[in-house]
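Step one of this worksheet: look at the structure below.
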Amino acid sequence: MNRLDVEGLKAFCASLPGAEARQVGPPANILVYAVHGKRFAHFKTSTPEQWRFSLKVPSDRFLELTDLPGIRPARWLGRHHWITVVEVARVPAIDLRAWVRWSHGEAVRKLPGRVRAAL
């Protein structure tokens with residue numbers, strides 16, 4: 001089964017149309033991926049949660065995904081259907097890519113039409 005490591009997932013997030021990476025310092029300590037300011041994913045960059053990965057998922061899949069081992073509701077964002085993947089390398093790459101594409105698509109859908117058209 002094909003897996004992604006943290007560096008591979010960071011590269012995938014950065015490769016999506018209009019994606020921008022931005023480091024947010026204390027107290028959050030996260031590496032954020034966003035499209036025109038609309039966040040679609042982030043990595044925790046400080047210990048003890050370093051390289052845990054969070055992203056938004058479809059509301060109808062939230063409970064299903066958080067029942068999987070190593071995936072839990074994201075702290076503070078769980079109520080908005082964000083999940084945290086505790087160890088990226090344990091999740092099949094095909095799933096991670098699909099979830100990230102969906103989350104990115106949701107961020108793009110929230111942008112004004114003229115911005116979406118430019119992407």
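All values below were derived from every heavy atom in this structure, side-chain atoms included, with hydrogens, water molecules and symmetry-related copies excluded.
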Given the rule in the salt bridge (Lys or Arg N to Asp or Glu O under 4.0 Å) test, do Glu106 and Lys38 qualify, once you have shown the distances and angles that lead to the verdict? CA-CA 9 Å; Glu106 278 297 291; Lys38 300 288 183 188; over 6 Å; no
Decide yes or no on side-chain contact (heavy atoms from CB on, under 4.5 Å) for Arg116 and Val108, but give the supporting numbers first. CA-CA 6 Å; Arg116 282 194 314 266; Val108 169; 3.8 Å; yes
Phe12 and Arg101: side-chain contact (heavy atoms from CB on, under 4.5 Å), yes or no, with the steps? CA-CA 10 Å; Phe12 180 73; Arg101 280 188 197 102; 3.8 Å; yes
With side-chain contact (heavy atoms from CB on, under 4.5 Å) as the test, would you mind laying out the steps for Arg22 and Val24 before giving the verdict? CA-CA 6 Å; Arg22 174 175 57 92; Val24 177; 3.3 Å; yes
Determine whether Phe53 and Lys10 satisfy the following criterion, side-chain contact (heavy atoms from CB on, under 4.5 Å), listing intermediate values before the conclusion. CA-CA 10 Å; Phe53 180 68; Lys10 286 165 55 175; over 6 Å; no
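Between the CG atom in Leu119 and the NE2 atom in His104 there is a gap of 6.5 Å [rounded to 0.5 Å]. Separating the CG atom in Leu4 from the CD1 atom in Ile94 is a distance of 11.0 Å, to the nearest 0.5 Å. Atom CD1 of Ile83 sits about 10.0 Å away from atom CD of Glu64, to the nearest 0.5 Å. Interatomic distance, OH of Tyr33 versus CD of Glu20, reported as 12.0 Å (0.5 Å rounding). Going from atom NZ of Lys56 over to atom CZ of Phe62 covers 10.5 Å, rounded to the nearest 0.5 Å. Taking NE2 of His81 as the start and CG of Asp60 as the end, the distance is 9.0 Å to the nearest 0.5 Å.
Remark: side-chain polar atoms of Ser103 are not paired, donor with acceptor, to backbone N or O of Val100 under 3.5 angstrom. Without hydrogens or angle criteria, Arg39 side chain to Val32 main chain gives no donor-acceptor distance under 3.5 Å.
Under the 4.5 Å side-chain contact rule for hydrophobic residues, Val6 and Leu9 share a cluster. Hydrophobic clustering keeps Ile30 apart from Ile71 (ILVMFWY residues linked when any side-chain heavy atoms are closer than 4.5 Å, directly or through intermediates).
Aromatic ring pairs are classed by plane angle as parallel below 30°, tilted from 30° to 60° and perpendicular above 60°; the pair Trp82 and His42 is parallel.
Residues Thr84 and Ser54 approach most closely at OG1-OG, 2.7 Å, considering heavy atoms. Across Val35 and Pro17, no two heavy atoms sit closer than the pair CG2-O, 4.0 Å. Listed here is the closest heavy atom pair of Val85 and Val91: CG1-CG2, 3.6 Å. Between Lys44 and Glu49, the closest heavy-atom pair is CB-O, 3.4 Å. Phe40 approaches Leu55 most closely through the heavy-atom pair O-CB, 3.6 Å. Annotation for Cys13 and Ala19: closest pair O-CB, 3.2 Å, computed over non-hydrogen atoms.
Within a 6.0 Å radius of CZ in Arg109, other residues, nucleotides and ligands contribute more than 12 heavy atoms.
With Thr45 as the fixed residue, the side chain to side chain donor-acceptor pair (under 3.5 Å) test singles out one of Gln50, Gln23, Arg52: Gln23.
Between Val88 and Leu96, the closest side-chain pair of non-hydrogen atoms falls below 4.5 Å.
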